[in-house]
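This report refers to the structure that appears directly beneath it.
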Amino acid sequence: MSEVAIALEQIPGLLQEKNKYVIVCHRKPDGDTVGSAYALARILELMGKSARILCADPLPHYLQRVFYDRVTNDAELRREEYVISVDVAEWQLFGNILPTMKKRGVFLKIDHHLTGESFAEYNYVDSTASSVGEIIYSIAGLMGYKEDFQVARSAFVAMSTDTGGFKYSNTTASTYRAAAEIAEVCKEELTEINTLLYETRPLQKVIANAVAVYYMRLAYDDRLAYVVFDDESMREEEIIDDDLDEVSALLRQIEGVVAAFLIRQIGENKYRISARSKKGFDCSLFCTHFGGGGHMFAAGCNIEAESAEEAERIAVEAAEEYFYEC
């Protein structure tokens, strides 16, 4: 299979070529991959195509409040279905459906990560886009579907969550213009969406954030804030993995902190680092060092360590190299 880089303007023609699609999100789905999948599925349905959404993992609680559930983990692909990946930078991000994806192959990859793999037959990557949701909204514009309510609503969720409510540095003038256009379509609905996304949390997540702050540690003249959870500590605190998805962003908010890590055990001798930063620390380069990737201010990677203490040492020692003057 050839791996071809394409222009945005070529995507509508590619979508016309087939009739049945499976849109695949990355593992541990976030608002961008899910919102993009829902928006693209709606575009395909408006074209008269069939589309279903596939993800290795269930939707997190906050997205279940926003989207009706049409996501499946049934990775048994029909012969006539073609795969489109959204916000999936590299093979490993397919999670436990990776063998199926590699066996079938990916027809079209749509992504915005600077680092990644060109694993699809056709690959479109725009690292200047705030989110894949913004890319999907541009595709909708090329096809005359921008004013469809479901397309606009889903694209808004994708853009808003990946820009931290339009606060992060990946928010551009084009992002604001797209949001303004969506506001004309969705009107009062956006207030409800923002309330569900940013002002509604399960009690257990609030407790998990408090526990994380309690156990937080600082390094490098208080420029790095981090917390480590192994399986035992999570059991003791009655915390599950989904409760921790805001922790690194929360620690980043501390005055004087430039970078924040959540280091959590994800298997025997394996730990996941979720890194968030401000100007002064490059998360992408840090995580690429360990075989991961992402954006300058938000990235992730896995490391091997025999204990939580060793995982902490590996992460904190490696971090020193990726601070920079600004």
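Computed from a predicted model, the values in this text were never measured in an experiment.
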> If only atom types and distance count, is the side chain of R217 paired as donor or acceptor with the main-chain N or O of V228 below 3.5 Å?
Replying inline: no
>> Using side-chain heavy atoms (C-beta onward) and a distance below 4.5 Å, is H61 in contact with P202?
In response: yes
>> Keeping T161 on the side-chain end and A158 on the backbone end, is there a donor-acceptor pair under 3.5 Å?
In response: yes
> Can you tell me if S36 and T33 form a side-chain donor-acceptor pair at under 3.5 Å?
Replying inline: no
> With no hydrogens and no angle check, do the side chains of E134 and T175 hold a donor and an acceptor under 3.5 Å apart?
Replying inline: yes
> So, does Q265 use its side chain to make a donor-acceptor pair with the main chain of D231 at under 3.5 Å?
Replying inline: yes
> Is a side-chain N or O of S160 found less than 3.5 angstrom from the main chain of F156, in a donor-acceptor match?
Replying inline: no
> Centroid-to-centroid, Y145 to Y137, below 6.0 Å?
Replying inline: no
> Does R70 use its side chain to pair, donor to acceptor, with the backbone of F67 at less than 3.5 Å?
Replying inline: no
> Side chain of E81, backbone of R78: donor and acceptor closer than 3.5 Å?
Replying inline: yes
> Without hydrogens or angle criteria, can the side chains of Q10 and Y122 be said to hold a donor-acceptor pair below 3.5 Å?
Replying inline: no
>> So, applying ring-ring contact (aromatic ring centres under 6.0 Å, His included) with F281, which one of F323, F297, Y226, Y220 is it?
In response: F323
> Are R264 and S274 close enough that a side-chain donor and a side-chain acceptor fall under 3.5 Å?
Replying inline: yes
>> Could you check whether T72 and D74, counting side-chain N and O atoms only, form a donor-acceptor pair closer than 3.5 Å?
In response: no
> How far does CG of D126 sit from NE2 of H112, to the nearest 0.5 angstrom?
Replying inline: 9.5 Å
>> Does L285 form a side-chain contact (heavy atoms from CB on, under 4.5 Å) with M296? I'd like the steps, not just the answer.
In response: CA-CA 7 Å; L285 288 178; M296 177 175 285; over 6 Å; no
> Hey, mind stepping through Y271 and F229 against ring-ring contact (aromatic ring centres under 6.0 Å, His included) and telling me if it holds?
Replying inline: CA-CA 9 Å; Y271 289 78; F229 287 101; over 10 Å; no
> Does R42 reach the main-chain N or O of Q150 with its side chain, forming a donor-acceptor pair under 3.5 Å?
Replying inline: no
> Less than 4.0 Å between a side-chain N and a carboxylate O, is that true for K28 and D245?
Replying inline: no
> How long is the gap from CG on L40 to CD1 on I23, to the nearest 0.5 Å?
Replying inline: 4.0 Å
> Do R223 side-chain atoms and V257 backbone N/O form a donor-acceptor pair below 3.5 Å?
Replying inline: no
>> Any heavy-atom pair between the side chains of N123 and V4 that's under 4.5 Å?
In response: no
> Would one find more than 12 heavy atoms of other residues, nucleotides or ligands at under 6.0 Å from atom NZ of K167?
Replying inline: yes
> Does atom CD of Q64 have more than 12 heavy-atom neighbours, drawn from other residues, nucleotides or ligands, at distances under 6.0 Å?
Replying inline: yes
> Does D30 use its side chain to pair, donor to acceptor, with the backbone of D32 at less than 3.5 Å?
Replying inline: yes
>> The test is side-chain contact (heavy atoms from CB on, under 4.5 Å); show your working for S131 and M159 and say whether it passes.
In response: CA-CA 6 Å; S131 55; M159 288 188 285; 3.3 Å; yes
> Are I110 and I136 close enough that some pair of their side-chain heavy atoms sits under 4.5 Å apart?
Replying inline: yes
>> Tell me if a side-chain donor or acceptor on K278 pairs with a main-chain N or O of A259 at a distance below 3.5 Å.
In response: no
>> Quick one, V151 with I43, criterion side-chain contact (heavy atoms from CB on, under 4.5 Å). Give me CA distance, side-chain angles, the key distance, then yes/no.
In response: CA-CA 7 Å; V151 170; I43 290 171; 3.9 Å; yes
>> With heavy-atom distances below 4.5 Å as the criterion, would you say the side chains of N209 and L244 are in contact?
In response: no
> In terms of side-chain heavy atoms, does E80 have a donor or acceptor partner in N19 at a distance below 3.5 Å?
Replying inline: no
> Is it the case that one hydrophobic cluster holds both M234 and L262, taking links as side-chain heavy atoms less than 4.5 Å apart, direct or via other members?
Replying inline: yes
> Any idea how F107 and Y21 line up, ring-wise: parallel (<30°), tilted (30 to 60°), or perpendicular (>60°)?
Replying inline: tilted
> How many angstroms lie between NZ in K20 and NZ in K49, if you round to the nearest 0.5 Å?
Replying inline: 12.0 Å
> Rounded to the nearest 0.5 Å, how far does OG of S127 lie from CG of N170?
Replying inline: 11.5 Å
> Just checking, is any N or O donor in the side chain of H26 or D87 under 3.5 Å from an acceptor N or O on the other one?
Replying inline: yes
>> Just checking E310: does its CD atom have more than 12 heavy atoms from other residues, nucleotides or ligands closer to it than 6.0 angstrom?
In response: yes
>> Could you go through K205 and D242, starting from their C-alpha distance and side-chain angles, then the distance that decides it, and tell me whether this counts as salt bridge (charged side-chain N to carboxylate O under 4.0 Å, His left out)?
In response: CA-CA 8 Å; K205 180 168 289 189; D242 285 347; over 6 Å; no
>> Which label fits Y38 and Y68: parallel for a plane angle under 30°, tilted from 30 to 60°, or perpendicular past 60°?
In response: perpendicular
>> If I take atom CD from residue E192 and atom CD from residue E199, how far apart are they, to the nearest 0.5 angstrom?
In response: 12.5 Å
> Can D230 and S233 be counted as having a side-chain donor-acceptor contact under 3.5 angstrom?
Replying inline: yes
>> Let me confirm one number: the CE-CE distance from M143 to M47, rounded to the nearest 0.5 Å.
In response: 3.5 Å
> Which of parallel (below 30°), tilted (30 to 60°) and perpendicular (above 60°) describes W91 and F94?
Replying inline: tilted
> Are V66 and V34 side-chain neighbours, meaning at least one heavy-atom pair lies under 4.5 Å?
Replying inline: no
